[in-house]
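Below is one structure, written out as structure tokens, with a few remarks after it.
Values below: every heavy atom of this structure, side chains too, minus hydrogens, waters and symmetry copies.
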Amino acid sequence: MLASLLVATVSLLLPYTPGSALLGRREAVAAGLAVLAAAPFPAQAQRSKLVPKSSAEATAAAKAFKLSKPGEESAEFKAMEAKRLGGVTATTLEEDLKRTGLRSYSEALELGVDVCDTTKGIGCGRRGR
């Protein structure tokens, strides 16, 4: 179909001279229509091999999924959920700070960190003062 459209477009754009060896506009349009008629239509196409054929098991599983209730949980889901929640433990703020390597503002002051040191240009939110 694309080829016939291309031939028709080219045939309308080319100038026609009676003694030239090129096809005339009428012949080009006729050739384009012939290519269009010879092209297979979608109704003649074959089914893709990538689409799996339906089976009794697949149909039954799809129907069971369609008719299942939203709140229904399978045994596999419950086991995985218990495994996921089993590893979670409550931690305190101090444990989190130690684990991440951060320190609180008061600890930084106790260690002697000067937060208003202007020599670095970022102390206390001031720049270069």
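When the salt bridge (Lys or Arg N to Asp or Glu O under 4.0 Å) test is applied to E81, the partners found at least two apart in sequence or on another chain are R84. E94 is linked by a side-chain hydrogen bond (donor to acceptor under 3.5 Å, both in side chains) to nothing, counting only residues two or more places apart in sequence or in another chain.
Note: S74 OG to M80 CE = 10.5 Å, rounded to the nearest 0.5 Å. Note that NZ of K98 and OG1 of T91 are 13.0 Å apart. Values are rounded to the nearest 0.5 Å.
Looking at heavy atoms from C-beta onward, R103 lies in side-chain contact with L111 at the 4.5 angstrom threshold.
Y105 and L102 are assigned to two separate hydrophobic clusters, defined by single-linkage of ILVMFWY side chains at heavy-atom distances under 4.5 Å.
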